[in-house]
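To keep things clear, I will list the structure first and then write my remarks on it.
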2 protein chains.
Amino acid sequence: MGASLEDVRAANLSLVLRHILVQPGTISRAAIATQAGITRATVSRLADELVSAGLVHELAPSSETGRGRPGIPLGPRPGMAIGLGLEINISYISACAIDLTGEVLSLKTIHGDFAGTKPDAVMADVAELGGRVLAAAQAKSPVDNPLFVGSGLALPGLVSSDALMLAPNLGWRDLPMASLLGPLTPLDPVVVANEADLAAFAVANPRPGVPNGPASFIYVSGEVGIGAGIIINHNPLSGAHGWSGEIGHICVDPAGPTCSCGASGCLEAYLGLRALASNAGMPEGSTADEIVEAAHRGSLRAQAAIADGGAALGRALAAVVNTVDIPEIILGGIVASIGDDLLPAVRDELRARVLQSAWSNPEVRIAGNPANLAVIGAAHRTLERLVVDPIIWTARPD
Amino acid sequence: MGASLEDVRAANLSLVLRHILVQPGTISRAAIATQAGITRATVSRLADELVSAGLVHELAPSSETGRGRPGIPLGPRPGMAIGLGLEINISYISACAIDLTGEVLSLKTIHGDFAGTKPDAVMADVAELGGRVLAAAQAKSPVDNPLFVGSGLALPGLVSSDALMLAPNLGWRDLPMASLLGPLTPLDPVVVANEADLAAFAVANPRPGVPNGPASFIYVSGEVGIGAGIIINHNPLSGAHGWSGEIGHICVDPAGPTCSCGASGCLEAYLGLRALASNAGMPEGSTADEIVEAAHRGSLRAQAAIADGGAALGRALAAVVNTVDIPEIILGGIVASIGDDLLPAVRDELRARVLQSAWSNPEVRIAGNPANLAVIGAAHRTLERLVVDPIIWTARPD
DNA sequence: ATGGTTTGTATCAGAACAAAACAAATAAAA
DNA sequence: TTTTATTTGTTTTGTTCTGATACAAACCAT
């Protein structure tokens, strides 16, 4: 479609808001103008618009002394715009509400075993949980009528825009979006995406609208299944249908064990939680921590299982890096808990197999805070919609 | 940077030009207006600008009869804007000149063995060849003073914006762009990219500025080495440094033969031309066609080599598809010549190993016209710069 | 011929940013 | 203490876009 003058204003409004979010409470209109390359006059007009919409407010002048008239620091108004994140995973469902400052206003998790459950019942539970979290957030917010931006739903599976195709470990399949999201209608609009992709989004955007995280990285997430979210130059790589990052079924050894997907030697057949436990000679249902503990206590089988898993992960990641050229890998989920023991094997494989390794060998590190990353990412994603196009929200009826 | 009114005009100018390029010689100002969602008045102004810059011209009214005043068909002016493509490969160097209509005005190739050559000597040869091709194109052009847009250089290796890191089969390494491109200065500005990426670009854009090809696909290219160019939703996936698509070194079997890169079981160790010949029990230097012929004549070793190569390719591509979610694969280069014999094994592996295969099994097909795709893509890429931002070229001194 | 219809252009109004001038608030200097 | 310099935020004016509207041009059908 053709561009119009309104698009210019929308783009600049978003730009101003972004600059405020990046340096909340410390940046003045004039500073935004110089940093963003717009006139002070224009910034002033746009900033006033954000202020009068309530998204941004003026703070008390900082004591920081300087020459000339001191600027008025701008910052996001706490509790004004609320995004809701929802997550369904194998062993829990959870919901969290976050505002534009990035503060988690409310976060609740219900543990349980959701493998093989009925989608509509679980969705109703999630809707109820989300409603409670939203209510708690609104109650906590200092703002009278907070703006509910919408919700994001993280699922462990292949999600396209019109249906959930497959969530193998939940046992869910071929659910049209409309019926799946039915129970969530009070929380509309809902954005649905893969859990690993949203966790990666959270890493890339430590606060809503602030792409301060690493520019390009692979976030590896996993419990029973292994998935990944890929960010390239601050942009999520979602693929043609939104099904990117399914690294759990990369073939690591064609002579390897049969995977639950039917193929042989998938990464998941080495590093998935069930496979890992079985390879370590431990009872089904063992946790990652128990396996690590067994290895540290001297179990040779556990040590071998972890070493094999690390080599498998390294080989799979080498394929990914050769394919999409990414300089950093962040391990999350259960992979993070085993991480320290996996790292040597992973790094060895990467060094040997990545063509670019002599110039830019990918760094591998363990996520600092893997807990709740996916729900948080889901909430950030809904807020991102506001940051990208604040013009919708600034034109409020009054 | 902030958006200004000029950006709106630039965007719309590009949009109008794109619509003209998509339906050359058949589209009128009014049709562009309705299709692009801009006013007739605005389209008229922008189109006139393109006409007065010489990029577009008005054609004779078509005989196609309709109600009301007939529109004036617009089309790109043949021979006006010329982009130059250059390519260095193992067994040839070539250059081609293309105009905005997509017509190849001149194309010359010099065959030879460029493995282990000296970069500066080869670059000088390429510059000379490019100069001759450009001169021939300018002579052939019906326009008095054609616009030279710039050149694009396709290389078989890892190219970043500041250096050619590695071109294994040329034996080139760590060449800073400045010194590499020195001999090409008369052909500035030069865009450098990987050969497979540019071939994929040519497939995605059958004519300059016309993204009419498949929306998302992987183009597999290969001679001695195997590489790929990946397009997602009409956009090239270039990775963090521009080194994406190095699928030749995806591990296909950790117990497999040692590759020239030092690792074991790389795809290239099965499907690279040298590996294929050796596995087929044929003399070094055999061509792909000779190996196929041997297999058809009944050589079991050749048949096995091809089957193994197909399985290896399928396994590697499955990893790629699981990672980046692409619904179509196009085989080019020598892989295209063996293609018919590879397809069954490739498809089997994909069906078994791609998680999404039940919903969207990637189609595999052989490129229709693999010859010269990379040079053509290089030329298209330089012309793309004009199409994306024609404002630079419409503001000519007069 | 005449009317209807579509195209292309000309004119004007509106919207947004840029440039410049100005008022306000502070620190530094006299 | 007063003055000056400096920086901020706002106001005013000018420029440059697109959109809306009106109109002339060119064709078909009656």
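Reminder, nothing fancy here: chain letters follow the sequence lines and each chain counts from 1.
Between the CG atom of Leu5(B) and the P atom of dG14(C) there is a distance of 17 Å, given to the nearest Å. As rounded to whole Å, 9 Å separates atom P of dT18(D) from atom CD of Glu49(B). Across the protein-nucleic acid pair, Arg45(B) atom CZ and dT11(C) atom C1' stand 12 Å apart, rounded to whole Å. Across the protein-nucleic acid pair, Leu13(A) atom CG and dC17(C) atom C1' stand 14 Å apart, rounded to whole Å. As rounded to whole Å, 18 Å separates atom P of dT16(D) from atom CG of Asn12(A). The distance between atom CG of Leu46(A) and atom P of dA16(C), rounded to the nearest whole Å, is 10 Å. In this structure, the CZ atom of Arg29(A) is 14 Å from the C1' atom of dA24(C), given to the nearest Å. Put simply, CG on Leu74(A) is 11 Å from C1' on dG9(D), counting in whole angstrom units.
The side chain of Thr39(A) has dA18(C) as its nearest neighbour among dG9(D), dC27(D), dA18(C). Comparing dT6(C), dT10(D), dT18(D) by their nearest atom to the side chain of Arg67(B) picks out dT6(C). Set against dA25(C), dA20(D), dG19(D), the side chain of Ala41(B) has dA20(D) as its closest nucleotide. Candidate nucleotides dG9(D), dC17(C), dT18(D) were compared by shortest atom distance to the side chain of Ser28(A), and dG9(D) ranks first.
Within the structure, a side-chain polar atom (N or O) of Arg9(A) is placed less than 4.0 Å from OP1 or OP2 of dA16(C). Distances shown here put a side-chain N or O of Thr42(B) below 4.0 Å from the OP1 or OP2 atom of dG19(D).
Checking Leu100(B), Ile391(B), Thr394(B), Ile392(B) one by one against Leu386(B), the side chain to side chain contact (heavy atoms under 4.5 Å, CB included) holds for a single residue, Leu100(B). Pro76(A) pairs with exactly one of Leu17(A), Asp99(A), Leu50(A), Thr101(A) by the side chain to side chain contact (heavy atoms under 4.5 Å, CB included) rule, that one being Thr101(A).
Evaluation of atom-type donor-acceptor distances gives a pair under 3.5 Å for the side chain of Arg69(B) against the base of dT7(C).
A residue-by-residue look at Gly68(B) and Ile72(B) shows that Gly68(B) has its nearest nucleotide of DNA chain C further toward the 5' end. Closest-nucleotide positions on DNA chain D for Ala3(A) and Ala30(A) were compared, and the one nearer the 5' end corresponds to Ala30(A).
Nucleic acid contact class of Arg40(B) (heavy atoms, under 4.0 Å, all strands): base. Across all strands shown, Gly2(B) has no heavy atoms under 4.0 Å from either base or sugar-phosphate atoms.
To the nearest 0.5 angstrom, Ile32(B) atom CD1 is 4.0 Å from Ile20(B) atom CD1.
For Glu384(B) and Arg18(B), the salt-bridge test passes: some basic side-chain N is under 4.0 Å from an acidic carboxylate O.
With a 6.0 Å radius and a threshold of 12 heavy atoms from other residues, nucleotides or ligands, Asp144(B) has its CG atom at or below the threshold.
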